[in-house]
2 protein chains.
Amino acid sequence: MDRMDTPCGLDVSLSIVGGKWKPLILFHLQEGPTRFADVKRRVGGISEKVLIQQLRDLVEMNVLVRRDHQRVPPMVDYSLTPFGRTLVEALIPLCEWGTRNRATVAKLSRSTIDMET
Amino acid sequence: MDRMDTPCGLDVSLSIVGGKWKPLILFHLQEGPTRFADVKRRVGGISEKVLIQQLRDLVEMNVLVRRDHQRVPPMVDYSLTPFGRTLVEALIPLCEWGTRNRATVAKLSRSTIDMET
DNA sequence: GGTAGAACCTACCAAAAGGTATGTGAGAAA
DNA sequence: TTTCTCACATACCTTTTGGTAGGTTCTACC
C-alpha cells in the first residue's frame with residue numbers, strides 16, 4: 001500500500017522501448033559497440049528500413065550513440081549511453097520473467113489461436 | 001558477460017504487456033478486484049471498446065480473472081491472478097525508471113517534436 | 001568488367017492498433 | 001415516464017507500425 005501513491009511510469013518507459021524490435025536491439029547491444037550490419041544479423045528477421053528507424057529513435061532519446069568512423073565503405077557503430085544502460089538494467093527483470101515463462105505463454109497463445117481456426 | 005547466454009525474454013513479456021494501455025491497467029488493478037467502470041475511470045482517457053479488448057487479452061493470458069456476480073444491472077470485476085502478480089513485480093523496475101526519468105524523457109520528446117514544426 | 005558489401009534512402013503497401021459513434025437490456029433513480 | 005448506469009457489442013474510420021522492393025555511392029575483390 002505504499003506503492004499506490006507512486007504514479008505509474010510505464011508509459012514513459014514504453015514510449016522509448018515499446019514496439020516490436022527495440023528491446024531486442026538493446027539486448028544485443030549490451031556486448032558493446034556494434035556495426036549496423038552486425039546488429040541486423042544478430043537481431044535477425046528485421047528489415048533494414050525498420051532497423052534504421054528504431055536505431056535513430058533510440059539515438060534521439062539518448063539511449064544509444066552513433067559513431068561514424070568516416071570511412072569508405074561506410075563504418076558506423078552504435079552503443080549504449082550511460083542513460084541507456086540504466087534503461088537496460090530496468091528491463092532485466094522483465095526479460096527474465098519472459099525467459100522463465102516463455103513456455104507457459106507460448107502454450108496460452110497457441111490455445112487461443114487454436115480456437116480461431 | 002554471464003547474461004549474454006540468456007536468451008532475451010522481452011519479446012514474451014511485451015507480447016502480453018505491450019501496447020498503450022495494458023501496463024496502466026495492471027498498475028491500477030494492484031489495489032484489488034475492480035469493476036469495469038472503475039477501471040475505466042482510474043485509467044482515464046481509454047475508450048470502452050479498447051478497455052474490454054485489453055481486459056479480455058489479459059484474462060486469456062491468465063494475468064487477470066474476470067468474475068461475474070450474476071446481477072442485474074451487471075456486476076463484474078477483474079483482479080490479478082498469482083501469475084499476473086509475478087508479472088507486475090517484474091514491471092516495477094521499469095515503472096520506477098519511467099517515473100525517475102519522466103521529465104528527462106519529456107524534454108527529449110519535445111525537442112524532437114519542435115524540430116518537426 | 002562484374003559483383004559484392006558497407007550504411008543508408010525512397011516510394012509504396014499491408015496489417016495492426018486505436019478511436020468514435022451508436023445500440024442493447026434491465027433495473028434503479030428522477 | 002424519462003433518464004441513468006452497468007457491462008458490454010458492432011460497424012466504421014484513422015493512425016501507427018511494420019514490411020517489400022527498389023536505388024545510391026563508394027571501395028575491394030575476382
Undergrad: May I ask you to verify if any side-chain N or O of A:R35 is less than 4.0 angstrom from the OP1 or OP2 atom of C:dC8?
TA: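 No, no such contact exists.
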
Undergrad: Quickly work out the B:D68 CG to D:dA7 P distance and round it to whole Å.
TA: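 These atoms are roughly 9 Å apart.
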
Undergrad: Please report, rounded to the nearest Å, how far the P atom of D:dC6 is from the CE atom of B:M75.
TA: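 Interatomic distance, CE of B:M75 to P of D:dC6: 11 Å.
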
Undergrad: Between atom CG in A:L14 and atom C1' in D:dT16, what is the gap in whole Å?
TA: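 Whole-Å distance recorded here is 16 Å.
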
Undergrad: What distance separates A:W97 CH2 from B:E89 CD, expressed to the nearest 0.5 Å?
TA: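 It comes to 12.5 Å.
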
Undergrad: Between B:R41 and D:dT5, does any side-chain N or O lie under 4.0 Å from OP1 or OP2?
TA: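 Indeed not, no polar side-chain atom of B:R41 lies that close.
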
Undergrad: Going 5' to 3' through nucleotides 22-30 of chain C, assign each nucleotide B (protein heavy atom under 4.0 Å from a base atom), S (under 4.0 Å only from sugar-phosphate atoms) or - (no protein heavy atom that close).
TA: ----SS---

Undergrad: Between B:L26, B:L55, B:I46, B:L51, which is the residue that forms a side-chain contact (heavy atoms from CB on, under 4.5 Å) with B:W21?
TA: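 Going through B:L26, B:L55, B:I46, B:L51 one by one, the side-chain contact (heavy atoms from CB on, under 4.5 Å) with B:W21 is satisfied by B:I46 alone.
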
Undergrad: Between C1' on D:dA7 and CG on B:D77, what's the gap in Å once rounded to a whole number?
TA: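 Rounded to the whole Å, the gap is 12 Å.
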
Undergrad: Tell me whether the OP1 or OP2 atom of C:dC9 has a side-chain N or O from A:R56 closer than 4.0 Å.
TA: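 It does, given that an N or O in the side chain of A:R56 lies less than 4.0 Å from OP1 or OP2 of C:dC9.
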
Undergrad: Look up atom OG1 in B:T99 and atom CD1 in B:I92, then write down how far apart they are to the nearest 0.5 Å.
TA: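 Rounded to the nearest 0.5 Å, the OG1-CD1 separation comes to 11.0 Å.
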
Undergrad: Between A:S47 (side chain) and A:G45 (backbone), is there a donor-acceptor pair under 3.5 Å?
TA: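 No, A:S47 side chain to A:G45 backbone: no donor-acceptor pair under 3.5 Å.
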
Undergrad: For B:H69 and D:dC8, what is the distance between atoms NE2 and P respectively, to the nearest whole Å?
TA: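 These atoms are roughly 11 Å apart.
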
Undergrad: What is the separation between atom CG on B:D38 and atom P on D:dT5, rounded to the nearest whole Å?
TA: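 Going from CG in B:D38 over to P in D:dT5 covers 13 Å.
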
Undergrad: Mind calculating the distance between CD1 (A:I52) and P (D:dT17) to the nearest angstrom?
TA: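 So the CD1-P distance, A:I52 to D:dT17, works out to 18 Å.
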
Undergrad: Evaluate the side-chain proximity of A:L29 to A:R42: yes if any heavy-atom separation is below 4.5 Å, no if none is.
TA: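 Not touching, per the 4.5 Å side-chain cut-off.
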
Undergrad: Pull out every protein N or O sitting under 3.5 Å from an N or O of nucleotides 11-19 of chain C, one pair per line with the distance.
TA:
from: C:dG18; atom 1: OP1; to: B:K20; atom 2: N; distance (Å): 2.8
from: C:dG19; atom 1: OP1; to: B:K20; atom 2: NZ; distance (Å): 2.9
from: C:dG19; atom 1: OP2; to: B:W21; atom 2: NE1; distance (Å): 3.0
from: C:dG19; atom 1: N7; to: B:K49; atom 2: NZ; distance (Å): 3.0
from: C:dG19; atom 1: O6; to: B:K49; atom 2: NZ; distance (Å): 2.3

Undergrad: Take the protein atom CG of A:D57 and the nucleotide atom C1' of D:dT17, then report the distance between them rounded to whole Å.
TA: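 Going from CG in A:D57 over to C1' in D:dT17 covers 11 Å.
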
Undergrad: Any donor-acceptor pair under 3.5 Å linking the side chain of A:T81 with the backbone of A:N62?
TA: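 Yes, the answer is positive, given that a donor and an acceptor are paired below the 3.5 Å cut-off.
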
Undergrad: Would you mind classifying the nucleic acid contact of A:R71 as base, sugar-phosphate or nothing, using non-hydrogen atoms under 4.0 angstrom?
TA: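 No contact.
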
Undergrad: Are the side chains of B:V105 and A:M61 in contact, using a 4.5 Å heavy-atom criterion?
TA: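 The answer is yes, as the side chains (C-beta and beyond) meet within the 4.5 Å cut-off.
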
Undergrad: Check whether any side-chain heavy atom of A:S109 sits under 4.5 Å from a side-chain heavy atom of B:E60, and report yes or no.
TA: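 A:S109 vs B:E60: side chains apart.
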
Undergrad: Side-chain contact, heavy-atom cut-off 4.5 Å: B:L58 with B:I16?
TA: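 Yes, side chains in contact.
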
